[in-house]
Amino acid sequence: MTGYASVQQELTAAAPDRDAGAGRLGLEIRSVNSRFLDLSFRMSDELRAQEPALRALLTQQLRRGKVEVRAFVDNEESASLTEPTLRQLQRAGAVQDAVRSWLPDAAPLTVADVLRLCGGGGAPVRDWSEPVVQLARKALDELVAAREREGERLSAMLLDRIAQLRDLALQAVPLVPQLVEQQRQRFMERWREAMQLAEGAALPEAAQDRALAEATAFAIRIDVAEEITRLQSHLHEIERLLGKGGEIGKRLDFLIQELHREANTLGSKSAAMELTRISVDMKVLIEQMREQVQNIE
């Protein structure tokens, strides 16, 4: 199921002697449709260690979807340029001389290298575990709420398709007796024609019994009452699950497969264009349901 959540939190300075405005921590969660749960993370270097905790938190509440988590730190301290101290510069120069004494071809330090090596000297290391998890819980609550809203829309769509399938099933029920009667009439007409051609060579009772037996076999072959009953039962169960809620995605997957099986059988037993049309219309509706059910948890 699809969803999006974005939350941010203002950060206080890591050290008490620094300015209060130390930046902000941000976290975004995007979710798109997928049959299985697929998690991916894009995180700042200082937040990489929090990935296992975030993964455990997400797997507790999500069962399906391709989920991307982006966590970042917009740090005002790191954005400002800090001038290295004289001691840091002397130390960097001494290290460079030592390295080049052994590796004469080594490239000299650039200004960027010096700033990177000397920057943040003595700065305390922040513990990100608590703020990141708290922010993730808030973002996850928003994501779940968004997915629930989409779930309500999907449920309404599925209920509409269920109503249409029931209408098609009701259209199919009276067609079978009509087809059986039409076929019986055809058999009887053929029997009369055969009697006229045979000029009494065969017993009329035996020929009539044969015609009625063939009509009975035809009726059994095209009878779709069992398929209609099972289809109605599956539709009722889907409706019940949608009303119940919870983790119903796997059960709906199975029921949609059974609906497709009954529609296929109905089509294979079709002896009239009208039944074939009903079977095709059912398959179209069931396929629409299948595409959406794969996104439901």
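Note that the structure is a prediction, hence the values are computed from the model and not measured.
At least one side-chain heavy atom of Leu241 sits less than 4.5 Å from a side-chain heavy atom of Glu237. Two residues are said to be in side-chain contact when any heavy atoms from C-beta on lie closer than 4.5 Å; Trp128 and Val133 fail this criterion. The shortest side-chain heavy-atom distance between Met43 and Arg70 does not fall under the 4.5 Å cut-off. You'll find the side chain of Ile29 reaches within 4.5 Å of the side chain of Leu58, heavy atoms only. Inter-residue side-chain proximity for Phe41 and Arg55 is flagged as met; some heavy-atom pair is nearer than 4.5 Å. In this structure the side chain of Glu46 reaches within 4.5 angstrom of the side chain of Val73, judged on heavy atoms. At least one side-chain heavy atom of Leu231 sits less than 4.5 Å from a side-chain heavy atom of Met282. Annotation: side chain of Leu39 is not in contact with side chain of Val69 (no heavy-atom distance under 4.5 Å).
Within the model, atoms OG of Ser129 and CG of Leu47 stand 11.0 Å from one another, a figure rounded to the nearest 0.5 Å. With values rounded to the nearest 0.5 angstrom, Asp281 atom CG is found 11.5 Å from Asp167 atom CG. Of the inter-residue distances, the one linking Asp253 atom CG with Arg251 atom CZ reads 12.5 Å to the nearest 0.5 angstrom. In this structure, CD1 on Ile256 lies 11.5 Å from CZ on Arg161, to the nearest 0.5 angstrom. The distance from the CD atom of Gln257 to the CG atom of Leu252 is 11.5 Å, given to the nearest 0.5 Å. If you take CD on Gln292 and OG on Ser155, they are separated by 12.0 Å, rounding to the nearest 0.5 Å.
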Could you walk me through whether Arg290 and His260 pass side chain to side chain contact (heavy atoms under 4.5 Å, CB included), step by step?
CA-CA 9 Å; Arg290 185 190 66 81; His260 204 278; over 6 Å; no

Test Met289 against Ile238 for side chain to side chain contact (heavy atoms under 4.5 Å, CB included), laying out the working first.
CA-CA 11 Å; Met289 296 174 68; Ile238 292 174; 4.2 Å; yes

Going through the distances and angles, do Leu25 and Phe72 end up as a side chain to side chain contact (heavy atoms under 4.5 Å, CB included)?
CA-CA 6 Å; Leu25 172 66; Phe72 60 91; over 6 Å; no

side-chain hydrogen bond (donor to acceptor under 3.5 Å, both in side chains) between Gln134 and Glu130: does it pass, once the steps are laid out?
CA-CA 6 Å; Gln134 288 180 351; Glu130 184 175 351; 3.2 Å; yes

Using the side chain to side chain contact (heavy atoms under 4.5 Å, CB included) rule, take Glu258 and Phe254 through it: C-alpha gap first, then chi angles, then the decisive distance, then the call.
CA-CA 6 Å; Glu258 293 303 305; Phe254 171 76; 3.7 Å; yes

Which donor-acceptor pairs under 3.5 Å do the side chains of residues 139-152 make with protein atoms, sequence neighbours left out?
unit_1	atom_1	unit_2	atom_2	d
Arg147	NH1	Met1	O	3.2
Arg147	NH1	Ser31	OG	2.5
Arg147	NH2	Arg64	O	2.9
Arg147	NH2	Glu297	OE2	2.2
Glu150	OE1	Thr2	N	2.7
Glu150	OE1	Thr2	OG1	3.0
Glu150	OE2	Thr2	OG1	3.2

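By the rule that hydrophobic residues join a cluster once side-chain heavy atoms approach within less than 4.5 Å of another member, Phe36 and Val293 end up as members of separate clusters. Met157 and Leu285 end up in the same hydrophobic cluster when Ile, Leu, Val, Met, Phe, Trp and Tyr side chains are linked at under 4.5 Å. When the side chains of ILVMFWY residues are joined at heavy-atom separations under 4.5 Å, either directly or via intervening members, Leu154 and Leu159 end up in a single hydrophobic cluster. In the hydrophobic cluster analysis, where Ile, Leu, Val, Met, Phe, Trp and Tyr join through side-chain heavy atoms closer than 4.5 angstrom, Val173 is grouped together with Ile278. No single ILVMFWY cluster, assembled from side-chain heavy atoms under 4.5 Å apart, contains both Tyr4 and Val7.
Across all non-hydrogen atoms, the minimal contact from Leu170 to Pro174 is O-CD, 3.0 Å. Shortest non-hydrogen contact noted between Pro108 and Arg100 is CB-NH1, 3.7 Å. The two residues Ala263 and Ser279 have their closest heavy-atom pair at O-OG, 3.0 Å.
Between the side chain of Gln96 and the backbone N or O of Leu109 there is at least one donor-acceptor pair closer than 3.5 Å. Side-chain N or O atoms of Thr110 include one that pairs as donor or acceptor with a backbone N or O of Asp113 at under 3.5 Å.
Under the rule for a side-chain contact (heavy atoms from CB on, under 4.5 Å), the partners of Glu291 that lie at least two apart in sequence or sit in another chain are Glu287.
Within 6.0 Å of NZ on Lys283 lie more than 12 heavy atoms contributed by other residues, nucleotides or ligands. For Arg240, the CZ atom counts as densely surrounded, since its 6.0 Å shell holds more than 12 non-hydrogen atoms of other residues, nucleotides or ligands. Within 6.0 Å of CZ on Arg91 lie no more than 12 heavy atoms contributed by other residues, nucleotides or ligands. In this structure, Arg42 places its CZ atom where only 12 or fewer heavy-atom neighbours from other residues, nucleotides or ligands lie under 6.0 Å away. Within 6.0 Å of CZ in Arg166 there are more than 12 heavy atoms belonging to other residues, nucleotides or ligands.
Side-chain atoms of Gln164 and Asp160 form a donor-acceptor pair, as typed in the model, at a separation below 3.5 Å. There is no side-chain donor-acceptor pair under 3.5 Å between Arg24 and Gln9. Residues Arg277 and Gln171 bring a donor and an acceptor atom of their side chains to less than 3.5 Å of each other.
The pair Glu28-Arg30 meets the salt-bridge criterion, with a side-chain N (NZ, NE, NH1 or NH2) lying under 4.0 Å from an Asp/Glu carboxylate O.
When His234, Glu226, Gln232 are each tested for a side-chain hydrogen bond (donor to acceptor under 3.5 Å, both in side chains) with Arg230, only one passes: Glu226.
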